[in-house]
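First listed ligand is number 1; within each ligand, the first listed atom is number 1.
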Amino acid sequence: GLTGNRGWAHHWRDPAPKAEYGIVIIGGGGHGLSTAYYLAREYGLTNIAVLEKGYIGGGNVGRNTTIVRANYFLQGNSEFYSHSLKLWEGLEADLNYNVMHSQRGLINLFHSDGQRDAFARRGNAMINQGDDAVLLDREGVRKHLPYLDFDNTRFPIYGGLLHPRGGTARHDAVAWGYARGADQRGVDIIQNCEVTGIDIENGTVKGVQTTRGAIRAKKVGIVVAGRSGQVAAMAGMRLPIESHVLQAFVTEGLKPAIDHVVSFGMGHFYISQSDKGGLVFGGDLDFYASYAQRGNLPMVEHVMEAGMTLMPMIGKAKVLRSWGGIMDMTPDGSPIIDKTGVDGLYLNCGWCYGGFKAVPASGNCFAHLMATGRFHGAAAGFRLDRFRTGRRLLDEEGTGAQHN
Ligand code: FAD
């Protein structure tokens with residue numbers, strides 16, 4: 001920077017853990033940090049610790065492909081993601097932090113008459129929810145994305161659903177902004193502190209065991225994304241969650257070429273260009289359960305093939321890096337924000353591969369639940385018991401998750 005990298009202040013303190021807190025949040029990802037932030041900002045609760053086993057930004061919050069959108073169809077999801085997008089739109093002012101939220105527009109391509117009908121319906125649902133959607137025909141897509149292969153691609157392009165308020169945000173800035181905001185309000189953010197046990201007496205949570213000692217707490221929130229199954233098991237719970245790897249890729253920095261987020265669901269491929277110029281893209285899960293934060297070559301090949309058929313120009317770009325993150329997959333592709341059978345123990349998980357866009361609303365709604373004991377209206381559908389009863393499943397896999 002202009003200071004020659006001298007005199008930069010730490011974004012947040014590095015406190016030693018206290019023996020006791022009012023609230024302990026396990027997991028310093030986007031959802032854990034935003035929960036702590038809203039607990040402090042909206043409910044004045046500041047005797048809080050966020051316990052992170054690694055470093056802030058090292059989990060999925062810093063590994064995702066940064067897409068932010070509100071184009072869900074089903075009631076239950078639709079109002080939640082709409083709430084989240086509105087929070088995104090005020091986030092930089094709220095945090096006084098540049099998270100580089102860029103509403104550059106998201107285009108979901110379709111490739112058949114049936115898919116066109118489905119997207120038209122989805123667009124109408126989005127508009128009814130108060131969000132925005134424009135159905136584009138083939139020529140409409142060509143106007144926005146002239147570089148696509150309209151003639152020889154594996155799945156001919158019939159059109160696309162444009163979501164103008166969709167876009168991207170700088171993922172680790174979101175983590176840092178929430179961490180700083182929470183810290184400024186008195187929340188202790190404690191890195192390198194792994195939770196190894198959850199203390200429960202007579203059905204009530206009493207605290208946690210960590211690699212830095214025991215910490216007592218009146219309330220504990222589990223917000224650990226891909227590790228949800230393992231941490232919930234410390235409280236004797238077996239969750240309807242499987243952890244899977246999702247990979248992503250980035251090329252060398254290029255001049256501006258792609259100024260939207262483009263989603264090619266039929267080919268399991270999506271792409272945008274980062275502000276630094278890298279083409280950021282990815283595809284589907286590796287499709288085997290794993291806790292490894294890296295994927296395997298068959299999916300690399302599949303994603304590259306899909307990119308090449310959609311926009312052959314991408315073949316000239318050099319891939320710089322690929323990486324993976326651990327996704328907490330639920331059977332219906334929708335998340336869980338709920339109390340548990342243990343008094344004072346709360347659960348926030350199941351974000352699958354679409355939880356970055358949810359960071360503001362998830363923290364906002366989870367904080368509401370932890371502070372008041374009542375479910376926030378926008379997240380009322382995310383109850384854990386839907387998997388036991390089979391009622392009110394929110395199965396939106398086709399668009400909810402697959403398109404990130
Ligand atoms: P994390 O950042 O993983 O936070 C969980 C934290 O818990 C971790 O830091 C972990 O170290 C910590 N933890 C685990 N166990 C313990 C323990 N025992 N004690 C203490 N701490 C613990 N979503 C979108 O909306 N748009 C996208 O474009 C998108 N693309 C993606 C692309 C990829 C490649 C990946 C991997 C994910 C993508 N996602 C996307 C999904 C999104 O990143 C996740 O759903 C979301 O980040 C998960 O929530 P989180 O940020 O809280 O998770």
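- If you check the side chains of N348 and S362, you find a donor sitting under 3.5 Å from an acceptor.
- G160 and F110 get closest at one heavy-atom pair: N-CE2, 3.1 Å.
- Neither the backbone nor the side chain of V68 has any atom closer than 4.0 Å to an atom of ligand 1 (non-hydrogen atoms only).
- Considering only non-hydrogen atoms, atom 25 (O) of ligand 1 lies nearest to K357 out of K357, M234, M327.
- By the criterion of a heavy-atom distance under 4.0 Å, both the backbone and the side chain of H31 are placed next to ligand 1.
- Of all atoms in ligand 1, numbered sequentially from 1 with element shown, those under 4.0 Å from a heavy atom of C193 are 20 (C).
- The shortest N or O to N or O distance between V195 and ligand 1 is below 3.5 Å.
- A salt bridge links K218 and E20; the closest N-O separation between the charged side-chain nitrogens and carboxylate oxygens is under 4.0 Å.
- Annotation: side chain to side chain donor-acceptor pair (under 3.5 Å) contacts involving residues 378-387, sequence neighbours excluded, comprise D332-R386, D338-R383.
- Side-chain N/O atoms of N60 and Y353 include no donor and acceptor closer than 3.5 Å.
- Considering backbone and side-chain N/O of G30, one or more are found under 3.5 Å from N/O of ligand 1.
- Which parts of ligand 1 touch N64 is read off a 4.0 Å heavy-atom cut-off, strictly below it: atoms 29 (C), 30 (N), 31 (C), 32 (C), 33 (C), 35 (C), 37 (C), 38 (C), 39 (N), 40 (C), 43 (O).
- When heavy-atom distances to ligand 1 are checked against a 4.0 Å cut-off, C352 comes that close only through its backbone atoms N, CA, C and O.
- Residue-level proximity to ligand 1 for F356 is carried by backbone and side chain together, each with a heavy atom below 4.0 angstrom.
- An N or O contact shorter than 3.5 Å is missing between R63 and ligand 1 by distance.
- Of the candidates E52, H171, H244, the one placing a heavy atom closest to atom 6 (C) of ligand 1 is E52.
- Contact atoms of ligand 1 toward V61: 1 (P), 2 (O), 47 (O), 51 (O) (distance under 4.0 Å to a heavy atom of the residue).
- Atoms of ligand 1 lying under 4.0 Å from any heavy atom of G325, numbered from 1 in the order shown and given with element: 36 (C).
- Each of the atoms 19 (N), 20 (C) of ligand 1 lies under 4.0 Å from some heavy atom of I26.
- D343 pairs by the salt bridge (Lys or Arg N to Asp or Glu O under 4.0 Å) definition with nothing, not counting sequence neighbours.
- Between the CZ atom in F249 and the CE atom in M304 there is a gap of 4.5 Å [rounded to 0.5 Å].
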